[in-house]
Structures are given as structure tokens and as C-alpha cells.
Participant: 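Structure below; questions to follow.
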Amino acid sequence: MIRNARVLLDDFLPREVVHRHEEMNRLAGALEPVVAGDRPQDALLVGPSGAGKTCIARYSLDRLQEQALGVDTHYVDCWQHSNRFRLLYKILEGVGTTYDVHRSTPHDELLRRLEELSDPYVIVLDEVDQVEDKSLLRELYAIPEITMVLVANRERDVTGTLDERLRSRLRSGETIRFGRYSDEELVSILEDRVRWGLDPDAVSRDQLDRIAAAAAGNARDAISVLRLAARDAQRDGADRISDERIEAAIPAARREIRQKNAEKLSPHQRTVYDLLVEHGPLAPGDLYDRYRAAVDDPRTRRTIRSYLTKLERYNLVESEGEGPSRRYRSL
DNA sequence: ATTCCACCGGAATAGCGGGATA
DNA sequence: TATCCCGCTATTCCGGTGGAAT
């Protein structure tokens, strides 16, 4: 039933981007000058998850790579490389100068290599709001050869933490805002994936409607649901996907992401998370008391606070309220 | 309006572990 | 093998903040 599983994966990049031509053209317009040897504009892509930001950014890099010789491009997911060293390392990977970099290489050396670039280098920094060391962004901006395409959910997550110089530099670039996909658009995206990856009658139009409605404009979620449903059907030897499988896949897709993140937690972090899952919204003090009662060698309050910001980063936990009225709850 | 308290998160610091080097 | 260096995690200290109490 599955003919090409690859097209249902998260990182699959279609040969053509649908429903995002306007955004596509603006980004291409910003980067295009580099083909003629001129200085391209930096860009900022903002919008909700699954709205096509990453897709457009990666697609544009590929196009650029085809059009221009002597232009390096690279995509970096800041989520997985949030500290200074890892991010620099990842960026250097794109120009192939990491052959002799190891942990004892001074950071300055990494930055110096970037400063010595002689060819234009266009980098996409996805989830850029996750970068811990914001001064690194400024240092990267200072390198003339580097053009940055920043990707984030909310504009203020990026601009709010930067200094004024960097902010004005960003404003002079291209800011492209993405909205959620409509249900119609999601369905047509799903139809493409079905055509490329599944047997033609494996899924009905009504079922795609259902998936689109559940995904609330998030293409990544919609595709995940389709992937899970198809995988289950395939495993059981069915030749088409039943409605039940779709319904089961909708919550399962969300659970899957959370589960993956939860597996990355240390035992102490896991305890904190489990306490929130079990006991609903908790005040920080209350949470800490319970935590201390639950483990043998408790970490300090400050450490638990760091855990909680990490849990929020992983979308496992949500906080509301400020100061003393703050409450944490599991998602 | 002012004070108070719990909480937030940055900065400096120490110990640990792993890879590189001599 | 011993040593060094660095990143990582946790700790300590502390200034800032916002809701609640006075």
C-alpha cells in the first residue's frame, strides 16, 4: 500500500512548493542578487508551526544552489544546536572546514574561519529563537559574506532579545509572515503526498478532509497523521486506510512527538514531568516540595527551574501567570 | 501606595567525563 | 599512560519582577 514512504517523512522536500508562491517569490527576491554577485538581503520568516516556513527556506536554498556557482548554502536547525559551539560547528560544516575541529578547538578559531570566507554563504537558521547565545547572531551578522535567513514562530522571540543595532539590520531585510494553511490547501498538500507515496485508492477524499480539519492549518501535523495511519494499515496488511485508523492516528501523532521528547529527559527531569502529568497544574513551590519527596537526592530549586524551561522548550509543559501566581501544567 | 514574598533567570564557579596530546 | 582542555550539568549567589497583603 505504501509505495514510497519517504514522501511522508518530516524532512521530505517536494520538488515544487504549492500555496506559498508569494512567500517563495519574496524570499527568492531577497536572495537572488547573490547570483549576479551582488549582496543579498537577510530575511526573517515568521509564522506558526507547520505553515511552510522551513519548507520554503530549504527549497530556496536548493534553488540557489542550482542557479549560482561559488555560493555556499547550509540549513541549520538551532533546536538541536542551541549553544555557541554546536551552532558554529554546524555552520562551518556547510563550508566543509570542520575536518580538524574537535572539542578542544577554541571557539574563536571557529568564528575566525567564518570571517575568512571569500565566497558568499547563505545560511538558514531554523528555530532561531532557541539560540542561547544571542551575541553569536550579531557576530555572524558582522561577517559580510554571510547572509542569514532566520526562521521563528513569533517575531518578538527573535527581535525581543537582540540589541538595537541587530534589530535595525533585521528590519532592513525582508520579513515574510506566514499564515496557517486553509483546510483546502492542506488537503491538496496531502493529495500530492498520497499520489507520490501511496496506492491511489488507499485514502478517500473525505478522509483527507478529516485529517485537514484535525490538523488546524499545520501541514506537518497533517502529514504525520497520514504517515501513522498508513504505517498501521501497511503493518496489518490492509490495502486501504480505514476511518478508524485515521481517528486513532490523530491523537497518536501528537503523542508521538511528546513521547520522543520525553525520552530525552534525565530521570530527575522525568520525575518533574511525571508529577505535572499526574497532579495537574502546580505552583512552583508545591511542585518542588512534591519533587523533593519523590526522589532520594533532590536537585536544587534553581536546577528544577532550568528543567522547567527545558520542558517548556520541548512543548511538554506549559506555564501561565507570572511571579508568585505562576502555574505549570503538562500538555 | 508601599511593602513583602515567591519566583525568575543571568552570571560565576566547581566537578565530571571524554577526547586529544605528549 | 598521564595530562590537559573543554563542554556539560548542577550549584551558589543575586538582582529584578509582579501579584498579594497591608
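Naming: A, B, ... by sequence-line order, numbering from 1 per chain. In this text the structure is predicted, and so the values were computed from the model without any measurement.
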Participant: What donor-acceptor contacts under 3.5 angstrom involve side-chain atoms of residues 310-319 of chain A, with partners at least two apart or in another chain?
Facilitator:
unit_1    : atom_1 : unit_2    : atom_2 : d
Glu312(A) : OE2    : Ser319(A) : OG     : 3.0
Arg313(A) : NH1    : Gln130(A) : OE1    : 3.0

Participant: List in numerical order all residues of residues 258-270 of chain A for which some heavy atom is under 4.0 Å away from an atom belonging to DNA chain C.
Facilitator: none

Participant: What is the distance, to the nearest angstrom, from the OH atom on Tyr288(A) to the C1' atom on dC5(B)?
Facilitator: 18 Å

Participant: Sorted by first residue and then second, give each salt bridge (charged side-chain N to carboxylate O under 4.0 Å, His left out) pair with at least one member in residues 9-21 of chain A; sequence neighbours left out.
Facilitator: none

Participant: Show me the donor-acceptor pairs within less than 3.5 Å that the side chains of residues 66-74 of chain A make with the rest of the protein, sequence neighbours left out.
Facilitator:
unit_1   : atom_1 : unit_2   : atom_2 : d
Thr73(A) : OG1    : Gln65(A) : NE2    : 2.5
His74(A) : NE2    : Lys90(A) : O      : 3.1

Participant: Which angle, to the nearest 10 degrees, lies between the helix axes at the two ends of the helix from dA1(B)-dT22(C) to dA22(B)-dT1(C), each defined by five pairs?
Facilitator: 0°

Participant: Taking distance alone, no hydrogens or angles, what donor-acceptor pairs closer than 3.5 Å link side-chain atoms of residues 209-219 of chain A to residues at least two apart or in another chain?
Facilitator:
unit_1    : atom_1 : unit_2    : atom_2 : d
Asp209(A) : OD1    : Arg205(A) : NE     : 3.3
Asp209(A) : OD1    : Arg205(A) : NH2    : 3.3
Arg210(A) : NE     : Glu247(A) : OE1    : 3.4
Arg210(A) : NE     : Glu247(A) : OE2    : 2.6
Arg210(A) : NH2    : Glu247(A) : OE1    : 3.0
Asn218(A) : OD1    : Arg220(A) : N      : 2.9
Asn218(A) : OD1    : Asp221(A) : N      : 3.1
Asn218(A) : ND2    : Ser49(A)  : O      : 3.4
Asn218(A) : ND2    : Asp221(A) : OD2    : 3.3

Participant: Please determine if a side-chain N or O atom of Tyr328(A) lies less than 4.0 Å away from the OP1 or OP2 oxygen of dC8(B).
Facilitator: yes

Participant: Consider side chain to side chain contact (heavy atoms under 4.5 Å, CB included). Of Asp286(A), Leu282(A), Leu276(A), which one does Tyr328(A) pass it with?
Facilitator: Leu276(A)

Participant: Name all residues meeting the ring-ring contact (aromatic ring centres under 6.0 Å, His included) criterion together with Tyr288(A); count only those two or more places apart in sequence or in a different chain, and write none if there are none.
Facilitator: Tyr291(A)

Participant: Could you check if a side-chain atom of Asp243(A) sits within less than 4.5 angstrom of a side-chain atom of Gln207(A), using non-hydrogen atoms only?
Facilitator: yes

Participant: May I ask you to decide whether Glu278(A) forms a salt bridge with Arg290(A), counting only side-chain N to carboxylate O separations under 4.0 Å?
Facilitator: no

Participant: Less than 4.5 Å apart, any side-chain heavy atom of Thr147(A) and any of Arg39(A)?
Facilitator: yes

Participant: Between protein and nucleic acid, restricted to nucleotides 20-22 of chain C and to nitrogen or oxygen atoms under 3.5 Å apart, what atom pairs and distances do you find?
Facilitator:
none

Participant: Nearest 0.5 Å please: distance from the NZ atom of Lys53(A) over to the CG atom of Leu27(A).
Facilitator: 13.0 Å

Participant: Counting only heavy atoms and a strict 4.0 angstrom limit, can you tell me which residues of residues 298-309 of chain A come near DNA chain B?
Facilitator: Arg302(A), Arg305(A), Thr309(A)

Participant: Let me know the distance between CG of Leu287(A) and C1' of dA6(B), rounded to the nearest Å.
Facilitator: 14 Å

Participant: For Trp196(A), which residues count as a ring-ring contact (aromatic ring centres under 6.0 Å, His included) partner, sequence neighbours excluded?
Facilitator: none

Participant: Would Val149(A) and Ile176(A) show up in the same hydrophobic cluster when neighbours are defined by side-chain heavy atoms closer than 4.5 Å?
Facilitator: yes

Participant: Is there any protein nitrogen or oxygen under 3.5 Å from a nitrogen or oxygen in nucleotides 12-15 of chain B, and what are the pairs?
Facilitator:
none

Participant: Is Arg86(A) touching bases, backbone alone, or none of the nucleic acid, heavy atoms closer than 4.0 Å?
Facilitator: sugar-phosphate

Participant: Measure the shortest side-chain to side-chain distance between Ile241(A) and Met1(A) over non-hydrogen atoms and say whether it is less than 4.5 angstrom.
Facilitator: yes

Participant: So, do Asp129(A) and Arg154(A) sit near enough that their side-chain heavy atoms are less than 4.5 Å apart?
Facilitator: no

Participant: Of all residues at least two apart in sequence or in a different chain, which pass the ring-ring contact (aromatic ring centres under 6.0 Å, His included) check with Tyr307(A)?
Facilitator: none

